[in-house]
2 protein chains.
Amino acid sequence: MYTFSRVGNTETLSSKIQSEIEESILQKKFVPGDKLPTEKEMCEMFGVSRTALREALQMLSIQGLISIRKGSGIYVSEYNLTNVVKPMSQYLQMNLDDALILKVQELRKMFEPQIAWLAAANRDEIDVKKLEDNLSDFMKNDNQNADQQSEFDQNFHLTICEAAKNPIIVLQMAPILRLIPSIRTIVYKKVDAAKSEAIESYEQLLKAIRDQDGGGASEAMIRHLHGTEEYELICLNKISSKT
Amino acid sequence: MYTFSRVGNTETLSSKIQSEIEESILQKKFVPGDKLPTEKEMCEMFGVSRTALREALQMLSIQGLISIRKGSGIYVSEYNLTNVVKPMSQYLQMNLDDALILKVQELRKMFEPQIAWLAAANRDEIDVKKLEDNLSDFMKNDNQNADQQSEFDQNFHLTICEAAKNPIIVLQMAPILRLIPSIRTIVYKKVDAAKSEAIESYEQLLKAIRDQDGGGASEAMIRHLHGTEEYELICLNKISSKT
DNA sequence: GACAAATAATTTGTCATACAAATCTAAAAT
DNA sequence: ATTTTAGATTTGTATGACAAATTATTTGTC
């Protein structure tokens, strides 16, 4: 027997309001900086109570589409990149296990050499300066402090992404690179880090990017990532059959 | 003169509650499927009104962390991948202009050949079947219908990403590939699509993936992306000086 | 005792009202 | 013209009420 599908009544009022305002913003009926009508006005427009409207507004606010200023009003936000990166970042962090670590490594081996190449081509003086500073900080740093090491690691790679001058690459790689501290905690916990080797490959990488030597940068990145991978494999006991 | 920085009072009650619950979920104090305490209980626990609490809950709900069922209760959600992809997708869509289109193309040229390679190595029978179906649908299809063409385009590339068997790649590329229809609308509006050429390179790509020929797949992808790029460049008038 | 139906209790969704706190506006004072 | 001050506006939170959906309990029947 044919049954009619239920008419959308599970959707709450507030979520309907949320969708409507979201669409208005996406269709650029309001642009960043614009002030939306006051809560009272919008309540009248939508014909709902303040409760329902406010719940919708809070949703939009955590989405990063609007910012609500007490006593002032409701404004369309400049879309903050945090809101783009955070959900992906959160997802990866929540699902991080041995299998995902290997997938991260696979992805980095595929993409980062190309990114390094592009960085070598497009880097400006500021990028080079940042990389140099990062590296010298790292070398001065105490060997023992694993947290600082992985933070440096993360920053160095992120700076290379920025140097490539393709904003999408930064957005894509930021959530991946943010995993580095967690991965190191899981992986290198017992191994006392191959810092000297790391420094060597970082120096080669920096040199190639400074010299705008794309091939060199790519190769240095490949070497570096292969170096770190060895440790990961050992620690994750994935080559037990191979030794 | 030294001034003290303002103590965090701009943060609203509801957003503080949101953070706290979010953290609980991220730290796996509650796992997907778990039922949270009722609103009334949580109000007492946090010592706040239902108003404030509900606003926090709505935020968590649009984040995809919880789902609220009327009459039943509040449950921790299985983290839906839509919530990961959507913000990035939205961001790119909102900021899509000529410059970003070129960045998208740059990124695809860098990454997709490698993805195709990996797909050739890891594809299973289902992937091959999907690609074949996609392609045959495309060939049967009416030349005029640009929307269907770009939808096919998007699906074909997404299926290749899936065939690579690295879930992060899908998450990264989905927002990019979703732009294809918009890009085509902008770019190919007047050009009546190089469908025959496209079909040719798609067939090569499919063959290489079917044969698990990584190098072939990579090369076919490079040819394909270079093919489409020519049109883009012409349409975006970026090679005026070069001709 | 087992099962079905009816009833009651619980829980979320929405509304209305009230007041506090921050901000903005405009009048008043200098 | 500038600053100060007082008032109006706007968002933040609390409370109480009732509707609507679900769940739990009781009741009735066999």
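In what follows, chains carry the letters A, B, and so on, assigned in the order in which the sequence lines appear, proteins first and then strands, with residues in each chain numbered from 1. In what follows, every heavy atom counts, from backbone to side chain, and hydrogens, waters and symmetry copies are set aside.
For B/Phe152, the ring pair (Phe, Tyr, Trp, His ring centres under 6.0 Å) partners at least two apart in sequence or on another chain are B/Phe138, B/Phe156, B/Tyr202. For B/Asp97, there are no salt bridge (Lys or Arg N to Asp or Glu O under 4.0 Å) partners two or more places apart in sequence or in a different chain. Under the side chain to side chain contact (heavy atoms under 4.5 Å, CB included) criterion, A/Thr82 pairs with A/Asn80, sequence neighbours left out. With sequence neighbours left out, the side chain to side chain contact (heavy atoms under 4.5 Å, CB included) criterion links A/Gln27 to A/Glu23, A/Lys29. Applying the side chain to side chain contact (heavy atoms under 4.5 Å, CB included) criterion to B/Arg123, with sequence neighbours excluded, gives B/Glu125, B/Asp127, B/Val128, B/Ala163, B/Ile209, B/Gln212. Residues passing the side chain to side chain contact (heavy atoms under 4.5 Å, CB included) test with A/Ser49, sequence neighbours excluded: A/Thr51, A/Ala52. For A/Asp34, there are no salt bridge (Lys or Arg N to Asp or Glu O under 4.0 Å) partners two or more places apart in sequence or in a different chain.
Protein atom CG of A/Leu53 is 16 Å distant from nucleotide atom P of C/dG13, rounded to whole Å. Distance, A/Ile68 CD1 to C/dC24 C1': 18 Å, rounded to whole Å. Taking atom NZ of residue A/Lys40 and atom C1' of nucleotide C/dT17, one finds them 14 Å apart after rounding to whole Å. Atom pair B/Glu39:CD and D/dG16:C1' shows a separation of 15 Å (rounding to whole Å applied). Rounded to a whole Å, the NZ atom of A/Lys16 is 12 Å from the C1' atom of C/dG13. Between B/Leu36 atom CG and C/dT11 atom C1' there is a gap of 14 Å when expressed in whole angstrom units.
Listed pair A/Thr51 / C/dA16 fails the phosphate criterion, with no side-chain N or O lying under 4.0 Å from OP1 or OP2.
Side chains of B/Gln93 and B/Arg178: a donor-acceptor N/O pair is absent below 3.5 angstrom, by distance only.
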Donor-acceptor contacts, no H, no angles, side chain residues 37-47 of chain A, under 3.5 Å, sequence neighbours left out:
unit_1: A/Thr38; atom_1: OG1; unit_2: A/Glu41; atom_2: N; d: 3.2
unit_1: A/Thr38; atom_1: OG1; unit_2: A/Glu41; atom_2: OE1; d: 3.3
unit_1: A/Glu39; atom_1: OE1; unit_2: A/Arg50; atom_2: NE; d: 2.7
unit_1: A/Glu39; atom_1: OE1; unit_2: A/Arg50; atom_2: NH2; d: 2.9
unit_1: A/Glu39; atom_1: OE2; unit_2: A/Arg54; atom_2: NH1; d: 2.8
unit_1: A/Glu41; atom_1: OE1; unit_2: A/Thr38; atom_2: N; d: 2.9

Would you list the atom pairs, donor with acceptor, under 3.5 Å between side chains in residues 64-75 of chain A and any protein atom, with sequence neighbours excluded?
unit_1: A/Ser72; atom_1: OG; unit_2: A/Tyr75; atom_2: OH; d: 2.6

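Picking from D/dT13, C/dT12, C/dA21 the nucleotide with the shortest atom distance to the side chain of B/Ile74 gives C/dT12. Comparing C/dG13, C/dA22, D/dT13 by their closest approach to the side chain of A/Lys70 singles out C/dA22. With C/dT11, C/dT14, D/dT13 as the choices, the nucleotide that has an atom nearest any side-chain atom of B/Thr38 turns out to be C/dT11.
The closest donor-acceptor contact from the side chain of B/Glu55 to the backbone of B/Ser14 lies at 3.5 Å or more, if one exists at all. With hydrogens and angles disregarded, a donor-acceptor distance shorter than 3.5 Å links the side chain of A/Gln114 to the backbone of B/Met110.
Contacts between residues 41-49 of chain A and DNA chain D, counted as heavy-atom distances below 4.0 Å, involve no residue at all. Annotation: proximity of residues 54-67 of chain B to DNA chain D (heavy atom, distance under 4.0 Å) is found for no residue.
With both pairing distances under 3.5 Å, D/dT25 is matched to C/dA6 as a Watson-Crick or G-U wobble pair.
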Could you pull out the protein-nucleic contacts involving nucleotides 23-26 of chain D (nitrogen or oxygen on both sides, under 3.5 Å)?
none

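Residue-to-nucleotide contacts include no donor-acceptor pair under 3.5 Å from the side chain of B/Arg50 to the base of D/dG16.
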